[in-house]
Asks: 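The structure under discussion is supplied below as structure tokens; questions concerning it will follow.
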Amino acid sequence: MPAQVGRPVYVRAATRIGVVHFGPGAFHRAHQAAYFDDLLAIDPDWAICAVSLHNPGVRDALQPQDGLYTLALLEETVRLRVVGAIREVLCAPQQRKAVMARLVDPQVRLVTLTITEKGYCLSGDGLDAAHPDIARDLVSPEQPISAIGWLVAGLRERRARRLSPYTVLSCDNLADNGGRLRRAVLDYARRIDRGLAAWIESEVSFPRSMVDSITPATDDALRTRVASALGVADAWPVQREPYSQWVVEDDFRHGRPPLERVGVVFSGEIAGYDRAKLRLLNGPHSALAYLGSLLGLDTVARAMRDPALAGFVERLMREDIVPTLALPAGFDAQAYVDAILSRFRNPAIRHLLSQIAWDGSQKIPVRLLGTIADALAAGHDIDRLCLPVAGWLHFVARQARSGEALVDPLQAPLLEAGRRATGDAAHDVETFLRLQPVFGALAGDARFVEALRGAYATLAPGDAAAVALALAAAQGPQP
Ligand code: CS2
């Protein structure tokens, strides 16, 4: 490889697998695996066994190349680096024994997850025991298919063998990710073995974490760039912005990787970081995705070049979202907003709005509805905050009308509600609000219902002209 391409600076064969990771999608490989790659140069005990829960795609791409892959850091001059942290890559349904062998390996002290919001099988704040994967796993817990099922099966086996447990670290964009995962794991464990549940409750830690780095899906431009720079084809390179942050709650009972030596922040104020990131980055991202798509725009950077949309999102961040946050000591919210806005504008990144629009039913509650609930509780106005939520409803209705795909675990009920939309705000909003797992208690709050109806009406019929007018109106006079 050319000298300017970064590569592992440690002897891979001398590393040992200390981490099992569920969900080795682009985000894990671009973010956590890069931190572990840096760490392996200091401590050889933390190589990764990456486990896909469903599809063999990642394994089939990475195994023939020994788990190596290229990471592109997107800025004016793109930097390439080959990451070596993944030493083994498995596909759980096809390699059950190998996965279990890793989960009970005493050398493995950490299990991490990036399985996206829907992978947790949650309903409201707890486990969705009626979720088909969970219902199946509860019947045959020794042959799990869900992430929760695997975590508990591994812990059960460790307890039977009198081994100490692994720490479970969620790296997904969920508020209180560790706390919610812990409650779901305990609920599941109680349904199969109360003694096991009590052991997990007293022995296993589930630190919370906040992860951040904008990671557009792999595209042909990246594949071509990597092939020409390396002189070899990489079956699945990944890309991200240069910025990256990982804040982890320091709650590890049986040893932890010294990740602070490679830039990870261990903090006791994780909830503050977590909220700031979900609400100030992911919330506006979703706002850009839905409103931008309705405007006919394709990428985040392009949406940020639309002055009305960019102005709306900035005002949403500074005037509506920041006041709802309880920030960690010394956290400069305005500087954080400035940095996010310039990250969104990064011209070297082609981040498709359609990618961010996926899984709205899972993302909207953690990204926008929590802010709305807090703003209502504080007696603040929620009109602007309701606009992106209404944008999502119009987006769903548009997909339903045009027969286009909607990537969402609630795709069927969403498309059904979208097909029934008539354009009448009262009728359509009422139809969508019946999606209980999305709106929860807010659906019964008259102030929310009224504001959402108003926002929906201003965006109707959901075409570019109506959205442009609504955005102009939402700017309003500065206070
Ligand atoms: C994005 C996130 O796809 C999405 O929904 O909002 O993946 C976002 O890019 C990351 O959370 C940034 O850390």
Side-chain angles (χ1 to χ4, degrees), residues 23-35 71-74 112-120 170-175 177 208-219 238-248 263-265 270 273-293 297-304 309 313 316-317 321 336-337 339-346 348-371 388-389 391-392 395-396 406-410 438:
F27 185 71
H28 167 72
R29 285 182 280 141
H31 184 271
Q32 302 106 68
Y35 285 93
L71 169 62
L73 299 179
L74 305 171
T112 56
L113 303 99
T114 48
I115 51 175
T116 78
E117 298 87 341
K118 60 178 177 276
Y120 290 84
S170 164
C171 301
D172 276 295
N173 280 322
L174 285 176
N177 52 12
R208 296 163 178 82
S209 76
M210 181 274 256
V211 290
D212 190 7
S213 192
I214 291 174
T215 306
T218 300
D219 50 19
V238 295
Q239 55 186 343
R240 67 159 164 87
E241 62 177 336
Y243 177 92
S244 163
Q245 194 179 24
W246 193 5
V247 186
V248 180
V264 173
V265 174
I270 188 75
Y273 284 102
D274 196 36
R275 275 201 173 184
K277 193 267 170 167
L278 279 168
R279 292 185 175 191
L280 281 174
L281 188 147
N282 296 113
H285 238 182
S286 292
L288 289 168
Y290 299 119
L291 297 170
S293 295
L297 307 172
D298 58 352
T299 67
V300 174
R302 178 68 194 81
M304 290 299 292
L309 181 53
V313 163
L316 191 74
M317 292 164 84
I321 303 175
Y336 191 67
V337 170
I340 290 172
L341 290 169
S342 84
R343 291 166 61 195
F344 285 175
R345 287 194 190 101
N346 183 344
I349 295 195
R350 198 177 138 70
H351 196 184
L352 293 177
L353 296 176
S354 56
Q355 181 188 339
I356 302 166
W358 286 356
D359 292 349
S361 69
Q362 313 290 304
K363 292 175 176 174
I364 296 276
V366 281
R367 297 177 175 207
L368 291 162
L369 299 182
T371 304
V389 182
W392 176 53
F395 172 83
V396 171
L406 186 72
V407 182
D408 197 296
L410 293 188
V438 179

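Just follow the structure's listing: the first ligand is 1, and inside any ligand the first atom is 1. Model, not experiment: these values are computed from the prediction.
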Asks: Which heavy atom in H31 sits nearest to a heavy atom in S213, and how many Å separate them?
Replies: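 H31 and S213 have their closest heavy atoms at CD2-CB, 3.9 Å.
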Asks: Below the 3.5 angstrom mark, is there an N/O of T215, backbone or side chain, next to an N/O of ligand 1?
Replies: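 It does not: no N or O of T215 is found under 3.5 Å from an N or O of ligand 1.
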Asks: So which heavy atom in the protein is nearest atom 13 (O) of ligand 1, and how far is it from that ligand atom?
Replies: D212 OD1, 2.6 Å
Asks: Testing the basics here: between L278 and V366, what is the closest heavy-atom pair and its distance to 0.1 Å?
Replies: CB-O, 4.3 Å
Asks: Look at the rings of F344 and H285 and say which category their plane angle falls in: under 30° parallel, 30 to 60° tilted, over 60° perpendicular.
Replies: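 It falls in the parallel class, under 30°.
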Asks: Just to be sure I read this right, does ligand 1 sit under 4.0 Å from the backbone of E117, its side chain, both, or neither, counting only heavy atoms?
Replies: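 Neither; no heavy atom under 4.0 Å.
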Asks: Would you call R350 and D298 a salt bridge, using N to O less than 4.0 angstrom?
Replies: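 So R350 pairs with D298 through a salt bridge.
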Asks: Given salt bridge (Lys or Arg N to Asp or Glu O under 4.0 Å), test D274 with R208 step by step and report yes or no.
Replies: CA-CA 9 Å; D274 196 36; R208 296 163 178 82; over 6 Å; no
Asks: Can you confirm whether P388 sits close enough to L368 that some side-chain heavy atom of one is under 4.5 Å from a side-chain heavy atom of the other?
Replies: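 Yes. Closest side-chain heavy atoms under 4.5 Å.
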Asks: Show your reasoning for whether side-chain contact (heavy atoms from CB on, under 4.5 Å) applies to L113 and Y120.
Replies: CA-CA 10 Å; L113 303 99; Y120 290 84; 3.9 Å; yes
Asks: Considering heavy atoms of the protein only, find what lies nearest to atom 7 (O) of ligand 1 and give residue, atom and distance to 0.1 Å.
Replies: N173 ND2, 4.5 Å
Asks: Please say whether N282 places an N or O atom under 3.5 Å from an N or O atom belonging to ligand 1.
Replies: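 Between N282 and ligand 1, an N or O pair is found under 3.5 Å apart.
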Asks: Which residue and non-hydrogen atom of the protein lie closest to atom 9 (O) of ligand 1, and at what distance in Å?
Replies: H285 CE1, 3.2 Å
Asks: Looking only at protein heavy atoms, which one is nearest to atom 11 (O) of ligand 1, and how far off is it?
Replies: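 Result: K277 NZ, 2.6 Å.
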Asks: Just to be sure I read this right, does ligand 1 sit under 4.0 Å from the backbone of S213, its side chain, both, or neither, counting only heavy atoms?
Replies: backbone
Asks: At less than 4.0 angstrom from any non-hydrogen atom of K363, what atoms of ligand 1 do you find?
Replies: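 Near K363, the atoms of ligand 1 are 3 (O), 4 (C), 5 (O).
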Asks: Tell me whether H351 has any N or O atom under 3.5 angstrom from an N or O of ligand 1.
Replies: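 It does not: no N or O of H351 is found under 3.5 Å from an N or O of ligand 1.
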